[in-house]
Amino acid sequence: MRLVRGGVLTLVAVFALVSVPLRAQQSDERLKRVTEDLFSRAEHVDADIAELKSVLAADPKSAQAHMLLGIAYRAKDSPDLMAEAIGELRQAVALDPSLVPAYLYLAHLYLDLSRPDRAKEELQAALAQAPGQPQLQALLAECERQLGNPKDALDLAQQALAANASLAEARFYEGKALYDLGRRDEAIEDFERVVREGGQRFEVYSSLGTAYLETGRTDQAIASLTDAIKLDPSRPEPMIQLARAYRLKGDVARAELPLAHARTLMGSAVSAADQQVERDWYVEEGVLRLQTKQLDAAARDLKKAVDLDSSFGPGHRYLAEVYIRQGLYTQAQDQAVRAEKLGSPLPPDLRKTLDEKLRASRPKGRS
Amino acid sequence: MRRARAVLALAAVAPALALTQPPAPARFADVTARAGIAFVHRSGASADKRMVETFGSGVAWIDYDNDGFPDLYFVNGAPGTSNALYHNNRDGTFTDVTEKAGVSAKNTGPNVFKTGVAVGDYDNDGWLDLYVTALGPNILYRNNGDGTFTDVTAKAAVAGGAAEWSTSAGFFDFDRDGRLDLFVDNYVDYRTEHNPYCGPKKEGYRMYCDPKIFDGMPDRLFHNNGDGTFSDVSQRAGIANPGGKGLGVTFCDVDRDGWPDIYVANDTVRNFLYRNKGDGTFDDITYAAGVGFDGNGKPRAGMGVDCGDVDGNGLPDLFVTNYSQELNALFLNRGKGRFDDAADTPGLRSAFLRLGFGTKLFDMDNDGDLDIYVTNGHVVDNVALFQPELSYAQRDLLYENTGGDFRDVSAAAGPALQAERVGRGLAVADFDNDGRLDVVISNLNRAPVLLRNQGGAADGNWLAIRAKGHTSNAFGLGAIVTAETSAGTQVREIDNAASYLSSSDTRLHLGLGRATVVKRLEILWPGGSRQVLENVTANQILTVEEK
């Protein structure tokens, strides 16, 4: 089972412990060394984990060691260690409820698990320890956005920025909230500013690329999505978006490559996030086949997309289009009705075509 | 990719092994129908795929009427279903006495799913009591000694949290005050009314959720106050780790310091080994002991667990059943607080594709060493849709201890072990007192299976011990027994709490091989007294009164 990280920004991870002072046994040289190592030499994480286990063997009640071990597990970014990371961090706060960074990392992990409700609880607990702490407020903004409250998210992000205008994650989450509120140009301004000010992270480029794409700035979208892929070549989402960008630009041939590559990176689609990626892949593949007039392949792909997520309107809408082009008007009508109910009606010209064909195929009544 | 190759390799090897196996040292016959056991487990399975539906319920051997023949108690799952107590008629048959006994637990509430069972005489009146765990409030039934039980949960204050998902539990005397305390595993923070959708969103593909998406829950330790009440000392004792996702628990004195320790099998997070410090508190020594993870430092999905000295060095080892495509863990106790995981020992590799639940280390052939029984069955009922190499119903596994390794003898142990089931709970007792340990398995959504041990070609002699504590608890739980025979020395602990959601006989069963006499039998009672018997004849059920 693959539990995919959600679209949560990871750049905060590095900043968190810097701005929230560690309340640890500073005398413990081993923990100090691991702390420094953990945030500066990612390639040492296995050695850090071994060292922390060794510390815990000697001192099983070290809240600091449990917290760092949880952080180290998260740094491994392995679904096998996600539950363990949460377990260690929860044990850390059980042993020392004042460990603010532990709550912050717990919140990140819950967001990775698509559980913004639990992330919010952890951040509220942290804010009770450190009222007004801007990093906590920024992440709380993202929780609220994921909970479907973009206005609250915007307020919180702006509070965080009022406290620290250079806080990259607050700016980024403000951008995401603005995007959800439909204020896409403002969102793009925020994302661009984050990049300009040094926040060249996968999540930022990916969000920026998607925002460019939605606002018709295809060339910029291609550039940003390419940057995102360079930063994390293991993620299929920007590759699917890149394929879409090339297709919208009319470069169908170039769209094929990222789409094929994305396919190789997709998991077994058990988690909700995985399923959404797989659905998007089938939609893009289907639309690409539609454009290249491979109608049978397009129908097969789009059927898979709506099979994975029957509540996704665009999937039904494109499938209706394929059926129209195949002359399967009854099936097309069925898909068009579903698409319309889900807010993705056929374009007027196609709707008109379908209506005409349906009328023409109806048996003539007695005069 | 590497894992896929390993699966193929193991799958290819398994049939070849089966063909070349010599006869099993013991064969087991399914005598469920003949015994008159009509109980059928109901999980409450629904299209909603509530997670609790797939974890099954436990089974216990409990000689509730002290007639010397272990009786059977089955836990049912779904709200409104009845648990069942079967009286052992001493002729191979059983009679359902649930209603008279008053232990059906069927009126526990609309959202209460019953899960596990523990057995112990918490009030030292000489009659074994029952503790039933649940997703919801747990229940303590006091044995009245007249074939009936009384629900004393409220007075005893051992219900646990109203919404807690409790699983395995067990009685043990952690402070050695002569009264049995109670340890309760808690699993994850899951509520049936908040049941997320997991799996692909197409018909037939919804699946039970991965426990990784739920928070763990701290286990509970209840101290017996000696007046019919208990106090929750979990926090003070240091066992309330909120990261735990406990499914199995067992107690044994891993460092032989005289104080019983606790080992918890957790699902998807590391296991816990709590060392009893003797002052009412425990240290989590998992990291020091090396019993939390697999050899690559990854947590496994621990389900069932047992402890016992499998390698004959006098120290209890730990065995844990795990998820499919994980090996079961065998942590060999090397002394001085260190264990080595022998999961990859060749004889145990046949478990790789199975999802193990109930398990027991027991001497199936009375040759003096501990063999292993594992019942299996996947938790994802439609697993074949996602991983065609796996199946929902699976065969049990029986391993013979060959001294230094194990041999999978399941294929030769009789038709009962060739049946595929969705095994969950498992408990062991010599229910017909014929000197061979029998096995009962609780299956998910099906009838249980009672497997009578028919012995084998080289059946050994045996000795069963019914410990009667006076200063110590009345059934001597936690006593360490050392038996010296012409074949060597065995060290065993009287501990009925192990496996998964289940409880085995409180009598200790020793296989003696060819020895007809135990030259020296030493009982170290949990209260601290040491008692020695000499030249004890084999093939009897010996009652030992604490002096």
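Lettering of chains follows the sequences in order, A, B, ..., and the numbering in each one begins at 1.
Note that B/Lys49 lies outside the cation-pi zone of B/Tyr197, set by a 6.0 Å cut-off to the ring centre and a 45° limit from the axis. At least one test fails for B/Lys245 against the ring of B/Tyr187: distance under 6.0 Å to the centre or angle within 45° of the axis.
Judged purely by distance below 3.5 Å, without hydrogens or angles, the side chains of B/Glu53 and B/Tyr208 pair a donor atom with an acceptor atom. The closest side-chain donor-acceptor pair between A/Gln146 and A/Glu142 falls under 3.5 angstrom. For B/Tyr274 and B/Asp261, the side-chain atoms include no donor-acceptor pair closer than 3.5 Å.
Of the listed residues (B/Asn266, B/Asp215, B/Asp284), the greatest number of heavy-atom pairs within a distance under 4.5 Å of chain A belongs to B/Asp215. Between chain B and the options A/Arg118, A/Arg279, A/His66, heavy-atom pairs under 4.5 Å are most frequent for A/Arg118. Chosen from A/Ala94, A/Gly87, A/Ser311, A/Ser310, the residue pairing most often with chain B at heavy-atom distances under 4.5 Å is A/Gly87. Per-residue heavy-atom pair counts under 4.5 Å with chain A were compared for B/Val269, B/Thr286, B/Thr268, and the maximum is reached by B/Val269.
With a threshold of 4.5 angstrom between heavy atoms, B/Phe293 approaches chain A through side-chain atoms but not through N, CA, C or O. For a residue to count as touching a neighbouring chain, one of its non-hydrogen atoms must lie under 4.5 Å from one of that chain's; by this rule A/Leu56 touches chain B with backbone and side chain alike. Heavy-atom distances place no part of A/Leu52 under 4.5 Å from chain B, backbone and side chain included.
Ring pair B/Phe55/B/Trp165: centre-to-centre distance below 6.0 Å.
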